[in-house]
There are 2 protein chains.
Amino acid sequence: MTASSHRTAPDHTHPDDVPVQTALAALADPVRLVLVRELAGSADWSRSCGSFDVPVGKAALSHHFSVLRGAGLVEQRDEGPKRVNRLRRAEFDARFPGLLDLVLRDD
Amino acid sequence: MTASSHRTAPDHTHPDDVPVQTALAALADPVRLVLVRELAGSADWSRSCGSFDVPVGKAALSHHFSVLRGAGLVEQRDEGPKRVNRLRRAEFDARFPGLLDLVLRDD
DNA sequence: GTGAGTGTATGGTTTTCATCGAACACTCGG
DNA sequence: CCGAGTGTTCGATGAAAACCATACACTCAC
């Protein structure tokens, strides 16, 4: 009915409610860094969770996305059987100016 | 003779040689964050390692400073029996524009 | 309804990291 | 030369985090 999916909608944290430390920790992981970067290079809602090229299993992937949500970096929405993602660029940028640019610009 | 101290001079890493990930990881620790912030509020070379108000023993403190050096955040110099510190503001800022400001401005 | 595709939850293993206590190295003032 | 002060190194411990395999929940096409 709710056009939603798996069981319950994912709970998001707004960047404004995120401590710097949490944001830094979220970005200080190689796998999550790849997720954020690939996400930055894709249109909003165009990438499902499974569409990323990272060397971890589904379970770990799911956990990483949970961390990214908790850091206010990613928003998720259920679309049919898949969960699609969006990088919260503007909101995150407003809260942590320059941080996202930094991790995206870097080799 | 060398006017130095403990055994060997500490080996520093220039911010230019530091991967983003390393920088983020270094700053994503509560103790190190305190060190960096207190350091930012003090004059260069005015603070010895033991002069910081953090709830850890000497061994852990020493390790944290080692991490900060490795991230290009702190420079150290031996001054008599004590090792004094300096925040590498300009250099680190040049490598990671805005990052330091971010962690310093935050509540 | 069934089966394929997708993501989450759980439990357990492994790795990583912060921490401590104790031993050591160095400097300096007596 | 000693002793106090300062910081590093080592080994061990404990907690946190990443990871996997399995089992489960949901959606959709057929």
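All heavy atoms count here, side chains included; hydrogens, waters and symmetry mates do not. We name chains A, B, ... by the order of the sequence lines, and we start the count at 1 in each one.
Atom CD in A/Glu79 sits 10.0 Å away from atom OG in A/Ser46 (nearest 0.5 Å).
Listed pair A/Arg83 / C/dT6 fails the phosphate criterion, with no side-chain N or O lying under 4.0 Å from OP1 or OP2. Contact annotation: A/Ser66 side-chain N/O to C/dT8 OP1/OP2 distance is not under 4.0 Å. Between B/Ser62 and D/dT9, a side-chain N or O to OP1/OP2 separation shorter than 4.0 Å is absent.
Here D/dA17 presents its P atom at 15 Å from CG of A/Leu27, a figure rounded to the nearest Å. Taking atom NE2 on B/His63 and atom P on C/dT16, their separation rounds to 14 Å, with Å as the unit. Separating the CG atom of A/Asp29 from the P atom of C/dC17 is a distance of 11 Å, rounded to the nearest angstrom. In this structure, CD of A/Glu79 is placed 13 Å from P of D/dA29, rounded to the nearest angstrom. The distance between atom CG of A/Leu68 and atom P of D/dA18, rounded to the nearest whole Å, is 11 Å. In this entry the distance linking CZ of B/Phe65 with C1' of C/dC17 reads 18 Å, nearest Å. One interatomic measurement links the two molecules: CZ of A/Arg69 to C1' of C/dA9, which rounds to 13 Å at whole-angstrom precision. Here the P atom of nucleotide D/dG5 and the CG atom of B/Asp78 are 19 Å apart, to the nearest Å.
For A/Ala59, taking side-chain heavy atoms from C-beta onward, the closest of the listed nucleotides D/dA18, D/dC20, C/dT19 is D/dC20. Taking every side-chain heavy atom of B/His64 into account, C/dA18 is the closest of C/dA18, C/dG21, C/dT10. In the set C/dA23, D/dC19, D/dA23, the nucleotide with an atom closest to the side chain of B/Lys58 is C/dA23. Minimum atom distance to the side chain of B/Pro81 is reached by C/dT27, of the listed C/dG7, C/dT27, C/dG21.
No hydrogens or angles considered: a donor-acceptor pair under 3.5 Å links the side chains of B/His64 and B/Arg32.
The existence of a salt bridge linking B/Arg89 and B/Asp44 is excluded, since no basic side-chain nitrogen approaches an acidic carboxylate oxygen closer than 4.0 Å.
For the residue pair A/Gly70 and A/Thr22, the shortest heavy atom distance occurs at O-CG2, 4.3 Å. Here the closest heavy-atom approach between residue A/Arg88 and residue A/Thr13 is recorded as NH1-O, 3.2 Å.
Residue whose closest nucleotide on DNA chain D sits further toward the 5' end, between A/Ala25 and B/Pro10: B/Pro10.
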